[in-house]
Engineer: 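Supplied in structure tokens, the structure appears directly below.
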Amino acid sequence: MTTSKKGSSRGMSRREFLRMAGVAGGGLALAACAPKATEAPAPVATEVPVDIATVAPAAFDWRKYAGESIRMIDMELTDEELTRSLIKRFTEETGIEVVYERYEQAQARQKIATEFIAGSPNLHLFFTSIPSDGAQYVKNGWYEDLTPYVNNPELTSPDYDYADFSPSVIESLSKEGKLLGLPILVDCFGVWYLREVFEQKGLTSPKTFDELTEVAKALHDPDNNFYGVVARGKASASVSVFSGYLHNFGADWFTNGLPSVNSPEAVAAYEYYGSLLRNYGPPGVVNMGSGDTFAVFGEGNVGMYVDGGSFLPFFKDTKVEGKIGFMPFPAGKLNTPTAYSYGIAMSSQANKKEVAWYFIQWLTKKDISLELQLAGNGSGRNSAWTDPTFMTTADPEWIESNLKTFEIGNWDWLPPVVSIPEARDIVGAPVVVSVEGGDVKAAADEANKKLTELAKRDGVIP
Amino acid sequence: MNLFQYFPQLFGKQTKSSKSPRRKDDDIARRVMIWPGTFVVLLLVSFPVIYVLYLGFHDWSGSILTGPKFVGLANYQSLMKDDRFLNAVVRTLQFTLAAVSIEIVLGVALAVLLNREFWGKNLVRTLFLLPFMATPVVIGLTWLMMYNPAIGVFNYFLKSLSLPISTWSYSTSTAMASLIIIDIWQYTPMVMLIVMAALSALPREPIEAAIVDGANAWQSFYFITLPLLRPAIIIALLFRTIDTLKVFDIIFALTQGGPAFATETLNIYAFITNFQYLRFGYGSAVIFLFVMLILIVSMILIRIRRGIEAEL
């Protein structure tokens, strides 16, 4: 705890110092010793205090664009209260106003797309997931490449430390050599569970799918309105969660460059996922996306909830707050659970791009990344994951599940086509059939046929 | 249609009687001043229609790098083979037929029931009108939680009464009916309102004459009141049909067309192809055919209405 206070006060003092230094335009010697002396723990740090004295970080003027205003669309990824308080601090420190809009993911995407098509210069920043949006947005020219901004010393503070970002996370946010976003949320799929119920029944973390079924069965008690497990069953929404089952069953969306969602392994994965939810899930799971499943688990009526680890901050004020743990995703034939990253990206059609970059830079710099990380919002920075405060205060299970997944996980959790929303509807359809107990093989064959047509239309396969 | 007949001022056909120069100036001023407003309205109506028609012959994903690519009738040809589109047409008609017919029957029944004096009549009438006045999206989200099979209030009541529970809007087999129930709950009061207005304007004499002749309540309703109400019912039918064909809010709030497209009507499909799939050409073709469908159904209903008016 002492380190925590130290860490945050250090951050504040540096910001205050920089602001003063920026206004006064001097104080190089102070810059060298005062803020940087405590900067030790970052393992991949590329700077040393000596360099900083010569480069003079105090010269970086955070208030260069004071009085400007930019607009951002969030997709309910981070804790709203925290994000709003961060934005307030950003405005205090830089004098830049941020108009902040927040929508549920699907709605955010529709809103963003509508603005891009209209060529709006007033939408500057948005959140993006490259497997979801990348191919289509790159094809449409909607992203601004962030590489020139990162590399421009006039626009990027010398203590930004780009090398601190995990290379795999940066790769997950890049496409065709362009940096499309900087990480704002990095996490993985796993199994949320009710600790007390597990302890009462003497259950342990399921390591395999068979064990997952057994644990779900042991927990399931529908007569008393308690269910074993819940996960998204709504076709399109289920795809992200289902991808982990697909991969761990030894299947993939494409094999040898062609769609393969009807391979025996894929059909087995669909069948397993559907039967798990049908037998040990709450009723009506096929119309449940992330919001509904979260609500059901949050009511404390379900023993396990297979979904993203980044939901941690959202359990605040639910009935299960403080009663839950997060276990790694079970293994099957393979063990490549799904990891995901969301980045903050810039619109290519935006005006005031430098101002927008200031916000991206500020929100992804070390101390802010750490603050988000401490609030349960996985960061893309190595320094945040190795921070001593984080290591001592965060739930060790949550850390372990994430770190393990980052190491072995699969970041490409969607079919490699351009029209992702349509592909999600197609490959999600067998999930619904499976949950409702229909002919999974026939549904998977149909899905594969449609995915092939789609891939041809997208020009991904001949 | 003769435009001159409807907009005489626009085309200066009504100036014959005005002789003095002053009057003439007034007329010119009047004509000039009407044009900007008319122009804006025409633009607002015609631009989207023309643009949708234009996009329907193109392929475009909203790219700023490449513009719409002309594909001729390809979008329309694909639509004729698109299962999702054809199913959406059928579902749109199913939804409309089921919801509107029940709303009309219930609406007329309620109007007749409430058209007598009783204690608390105004209160009851206000209560019935509340759903009609609420915002559909709010209603949708509220019903979504009430329908939730695990934590919703409907299954809680069913369980308390030891009745079998339902999956409501949360399964392919029951989702459509669940949505129709909401539409009926929300819009029956609208039908009721229209019919009540007509009821209060009905002449008392034919009914009194029938009662004098010995007709019972049912006979006087069926042979006298109902035929007299026909024009009002047709109006309600017309409004409700057009509205229900276009239903969007409730479906989008509850199921977004799912599970497995079980509640995907034309409006939802058009929205998804345009704003989720970003297939603006294909989606525009869907919208164009959808507008055609509404036009055809409306014209049929207007014909029927004219026929009834002529009869009367």
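The sequence lines fix the lettering, A, B, ..., with proteins before strands; numbering per chain opens at 1. Both backbone and side-chain heavy atoms feed into the values below; hydrogens, waters and symmetry mates do not.
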Engineer: Between Arg84(B) and Asp425(A), is there a side-chain heavy-atom distance shorter than 4.5 Å?
Structural biologist: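 They are in side-chain contact.
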
Engineer: For Leu254(B) and Asn287(A), what are the C-alpha separation, side-chain angles and deciding distance, and is it a side-chain contact (heavy atoms from CB on, under 4.5 Å)?
Structural biologist: CA-CA 9 Å; Leu254(B) 272 106; Asn287(A) 195 33; 5.5 Å; no

Engineer: Should the heavy atoms of other residues, nucleotides or ligands under 6.0 Å from NZ of Lys352(A) be counted, would the total exceed 12?
Structural biologist: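 Yes, because the 6.0 Å sphere around NZ of Lys352(A) holds more than 12 heavy atoms from other groups.
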
Engineer: For Lys234(A), is it the side chain, the backbone, both, or neither that has a heavy atom closer than 4.5 Å to a heavy atom of chain B?
Structural biologist: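 Just its side chain gets close to chain B.
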
Engineer: Looking only at heavy atoms, which two atoms of Asn140(A) and Gly62(B) are closest? And how far apart?
Structural biologist: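 Shortest heavy-atom contact: ND2-C, 3.9 Å.
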
Engineer: Contact part of Phe252(B) toward chain A, heavy-atom cut-off under 4.5 Å: side chain, backbone, both or neither?
Structural biologist: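 It is the side chain, since no backbone atom gets that close.
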
Engineer: If you count heavy-atom pairs under 4.5 Å between each of Asn155(B), Thr172(B), Thr66(B) and chain A, which one has the most?
Structural biologist: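 Highest number of pairs under 4.5 Å: Thr172(B).
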
Engineer: Within the side chain of Asn148(B), is there an N or O that forms a donor-acceptor pair under 3.5 Å with the backbone of Asp292(A)?
Structural biologist: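 No; zero donor-acceptor contacts below 3.5 Å.
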
Engineer: What part of Phe280(B) is in contact with chain A, defined as an atom under 4.5 angstrom from a non-hydrogen atom: side chain, backbone, both or neither?
Structural biologist: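 Answer is side chain: those atoms of Phe280(B) sit under 4.5 Å from chain A.
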
Engineer: What closest approach, in Å, do Val286(A) and Ser171(B) show between heavy atoms, and which atom pair accounts for it?
Structural biologist: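 What the structure gives for the nearest pair is CG2-CA, 3.8 Å.
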
Engineer: So for Ser236(A), is it side chain, backbone, both, or neither that comes closer than 4.5 Å to the heavy atoms of chain B?
Structural biologist: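 For Ser236(A), there is no contact with chain B at all, as no heavy atom is under 4.5 Å.
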
Engineer: Do you know which of Met288(A), Arg457(A), Gln136(A) has the most heavy-atom pairs under 4.5 Å to chain B?
Structural biologist: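 Option with the greatest count: Arg457(A).
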
Engineer: Given heavy-atom pairs under 4.5 angstrom as the criterion, report whether the side chain, backbone, both or neither of Thr114(A) touches chain B.
Structural biologist: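 Interface part for Thr114(A): side chain.
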
Engineer: Locate the shortest heavy-atom distance separating Asn301(A) from Ala150(B); write the atom from each residue and the value.
Structural biologist: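 Shortest heavy-atom separation between Asn301(A) and Ala150(B) comes out as ND2-O, 4.3 Å.
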
Engineer: Please say whether more than 12 non-hydrogen atoms of neighbouring residues, nucleotides or ligands are located less than 6.0 Å from CZ in Phe70(B).
Structural biologist: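 It does: Phe70(B) CZ has more than 12 such atoms within range.
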
Engineer: What's the spacing between Ile420(A) CD1 and Gln276(B) CD if we round to 0.5 Å?
Structural biologist: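 So the CD1 of Ile420(A) and the CD of Gln276(B) are separated by 13.0 Å.
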
Engineer: Under 6.0 Å from the NZ atom of Lys159(B), do we count more than 12 heavy atoms belonging to anything else shown?
Structural biologist: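 Yes, NZ of Lys159(B) has more than 12 neighbouring heavy atoms, counting only those of other groups under 6.0 Å.
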
Engineer: Give a yes or no on whether Phe239(B) atom CZ has more than 12 heavy-atom contacts from other residues, nucleotides or ligands under 6.0 Å away.
Structural biologist: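 Open.
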
Engineer: For the backbone of Ile151(B) and the side chain of Glu299(A), can you confirm whether one donor and one acceptor N or O come within less than 3.5 Å of each other?
Structural biologist: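 Judged by distance alone, no pair lies under 3.5 Å.
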
Engineer: If you tally heavy-atom pairs under 4.5 Å against chain B, which of Tyr137(A), Phe116(A), Tyr227(A), Trp142(A) wins?
Structural biologist: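 It is Trp142(A).
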
Engineer: Between Trp168(B) (side chain) and Gly284(A) (backbone), is there a donor-acceptor pair under 3.5 Å?
Structural biologist: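 Flag not set: sc Trp168(B) to bb Gly284(A) has no pair under 3.5 Å.
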
Engineer: Side chain, backbone, both or neither: which part of Gln110(A) has a non-hydrogen atom closer than 4.5 Å to chain B?
Structural biologist: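 Both backbone and side chain of Gln110(A) come within 4.5 Å of chain B.
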
Engineer: Testing the basics here: between Gly141(A) and Ile64(B), what is the closest heavy-atom pair and its distance to 0.1 Å?
Structural biologist: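 Minimum heavy-atom separation between Gly141(A) and Ile64(B): O-CD1, 3.1 Å.
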
Engineer: Which residue out of Leu65(B), Thr167(B), Leu278(B) racks up the most heavy-atom pairs below 4.5 Å with chain A?
Structural biologist: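 Max contact count across the listed options: Leu65(B).
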
